[in-house]
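Quick notes on the structure that follows.
Nothing fancy with the numbering, it's 1 onward along the sequence. The basis for the numbers below is simple: all heavy atoms, side chains too, and nothing from hydrogens, waters or symmetry mates.
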Amino acid sequence: MSLDWGNIITWHNFLSVVDIFIVWYVLYRLITLVKGTKAVQLVKGLAVIVVVQIASSIFKLDTVNYVVNQIMVWGVIGIIIIFQPEIRRGLEHIGRTPILGSRSQMAQKTGEKFVKELDKSIQYMSKRRIGALISIQQNTGLDDYIETGIPLDADITGELLINIFIPNTPLHDGAVIVKDGKLAVAAAYLPLSDSNIIPKKLGTRHRAAVGISEVTDAITIVVSEETGGVTITRNSQLMVDLTREDYLKYLRAQFVPETDIKTSWWDRVIDRFWKWGSNK
């Protein structure tokens, strides 16, 4: 029995696949939006109501089915009223989402902000000789080391990084690990290197930075508490006592993508219309 590909690969079937993919993507985005918010409890409650409705239909429980239907009908209005702030923020988020060539510009702004926050914390700690160890995940996962730390899952700000490494606080001893644009954990343990290339004047933080660079491709920043010097390691390379100009140049090269995309006049018109009324 042979397959008739002419009947399988049709325009209607293609549109059906696209239709399913769009619905799947929208559901996925909704799940990621409500994850970790109070809306999760609402979703659980809706799931219970749906199960009760299905059961009442199967077992012919007309009264229960009627009550559940009324709850679902009026519940939609209740959801809109209760979650009005969340709905508004979601629509604003959609309105701020870049289209066409703006995605590369957004990536550039995100990278610049990341480097700016790192620089803010490095400058503060370097001048006051506050020791710091910040490891930024690249292609190789750092999950084994993330498990040794204290979970944060926080936005990256210079103030938070500074506060973490203030001496004699619960989180200052160990490494901060950055994953997917978030401060994943603090007080994590990194493997110490036994390499002979590490100058003896450098301490445990530097050995940990070299150690993680030997087993992963993570970019690790060290601020020395003895000298205030800034060191960066990656792929077993040790860049010691970098000036502000040097480390900013390196970090921008790693985290700020270049934008050389030429957009058409039509794309620029759409983009200008999309940004109309925006403060950003």
Side-chain angles (χ1 to χ4, degrees), residues 107-138 140 142 145-146 149-150 152-193 197-199 201-214 216-258:
Q108 189 179 45
K109 290 181 180 179
T110 301
E112 284 285 3
K113 183 178 184 300
F114 177 50
V115 172
K116 179 181 177 181
E117 297 300 328
L118 286 176
D119 179 46
K120 185 191 302 182
S121 63
I122 291 170
Q123 283 296 299
Y124 183 96
M125 293 185 288
S126 176
K127 291 177 181 178
R128 292 161 180 80
R129 297 189 179 182
I130 298 173
L133 180 61
I134 306 168
S135 192
I136 307 164
Q137 178 176 296
Q138 298 299 291
T140 307
L142 298 177
Y145 308 103
I146 288 175
I150 298 174
L152 294 178
D153 191 27
D155 292 334
I156 300 169
T157 64
E159 291 79 6
L160 179 55
L161 286 169
I162 293 167
N163 195 61
I164 288 172
F165 290 110
I166 293 294
N168 302 319
T169 56
L171 300 179
H172 89 282
D173 192 16
V176 161
I177 296 180
V178 177
K179 177 182 178 181
D180 298 332
K182 292 275 192 177
L183 294 181
V185 296
Y189 293 99
L190 303 183
L192 299 180
S193 173
I197 67 170
I198 304 175
K201 65 177 182 178
L202 301 182
T204 304
R205 285 191 179 91
H206 292 84
R207 288 199 171 272
V210 175
I212 195 67
S213 74
E214 291 173 343
T216 73
D217 61 349
I219 296 173
T220 304
I221 304 168
V222 183
V223 178
S224 172
E225 63 182 340
E226 286 80 18
T227 65
V230 180
T231 298
I232 294 179
T233 67
R234 188 184 190 187
N235 296 330
S236 300
Q237 294 182 341
L238 184 65
M239 295 168 275
V240 185
D241 292 333
L242 298 173
T243 65
R244 186 185 185 193
E245 182 181 356
D246 290 337
Y247 75 69
L248 282 177
K249 182 178 180 180
Y250 181 83
L251 293 176
R252 287 195 177 105
Q254 300 300 320
F255 300 114
V256 182
E258 296 182 1

Kindly compute the distance separating [atom1] ([X]) from [atom2] ([Y]), expressed to the nearest 0.5 Å.
X: L152; Y: I177; atom1: CG; atom2: CD1; value: 10.5 Å
X: K179; Y: L142; atom1: NZ; atom2: CG; value: 8.0 Å
X: L161; Y: I166; atom1: CG; atom2: CD1; value: 11.5 Å
X: D173; Y: Y189; atom1: CG; atom2: OH; value: 6.5 Å
X: K109; Y: E112; atom1: NZ; atom2: CD; value: 11.0 Å
X: I164; Y: I134; atom1: CD1; atom2: CD1; value: 8.5 Å

Got [X] and [Y] here, is their nearest side-chain heavy-atom distance under 4.5 Å?
X: S224; Y: H206; result: yes
X: V222; Y: L133; result: yes
X: T169; Y: N163; result: no
X: I122; Y: Y247; result: yes
X: P191; Y: I212; result: yes
X: V178; Y: L183; result: yes
X: L202; Y: R207; result: no
X: S236; Y: I197; result: no

What are the two closest non-hydrogen atoms of [X] and [Y], and how far apart are they?
X: A187; Y: I150; result: CB-CD1, 4.3 Å
X: V210; Y: S213; result: O-OG, 2.6 Å
X: D241; Y: G229; result: OD1-CA, 3.8 Å
X: G181; Y: I156; result: O-CD1, 3.5 Å

Do side-chain atoms of [X] reach the backbone of [Y] as a donor and acceptor pair under 3.5 angstrom?
X: S126; Y: G228; answer: yes
X: R234; Y: D217; answer: yes
X: T233; Y: A209; answer: yes

Inset, instruction - List for me each residue that meets salt bridge (Lys or Arg N to Asp or Glu O under 4.0 Å) alongside R205, sequence neighbours excluded, and say none if there are none. - result: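 E225.
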Inset, instruction - Would you please name every residue forming a salt bridge (Lys or Arg N to Asp or Glu O under 4.0 Å) with D119, sequence neighbours left out? - result: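 Testing D119 for salt bridge (Lys or Arg N to Asp or Glu O under 4.0 Å), a comparison that skips the adjacent residues, returns R244.
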Inset, instruction - Count the heavy atoms belonging to other residues, nucleotides or ligands that lie under 6.0 Å from NZ of K182, then report whether that count exceeds 12. - result: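 Count over threshold, so yes.
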Legend entry - Check ion pair E117-K120 (N to O, under 4.0 angstrom):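 Yes, charged N to carboxylate O under 4.0 Å.
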Legend entry - Working for side-chain contact (heavy atoms from CB on, under 4.5 Å), residues L251 and F114: CA-CA 9 Å; L251 293 176; F114 177 50; over 6 Å; no
Inset, instruction - Evaluate the side-chain contact (heavy atoms from CB on, under 4.5 Å) criterion for residues Y250 and L242: first the C-alpha distance (whole Å), next the side-chain angles of each, then the deciding distance (0.1 Å), finally the verdict. - result: CA-CA 10 Å; Y250 181 83; L242 298 173; 5.7 Å; no
Legend entry - Audit row: Q138, I219, side-chain contact (heavy atoms from CB on, under 4.5 Å) steps and yes/no: CA-CA 7 Å; Q138 298 299 291; I219 296 173; 4.0 Å; yes
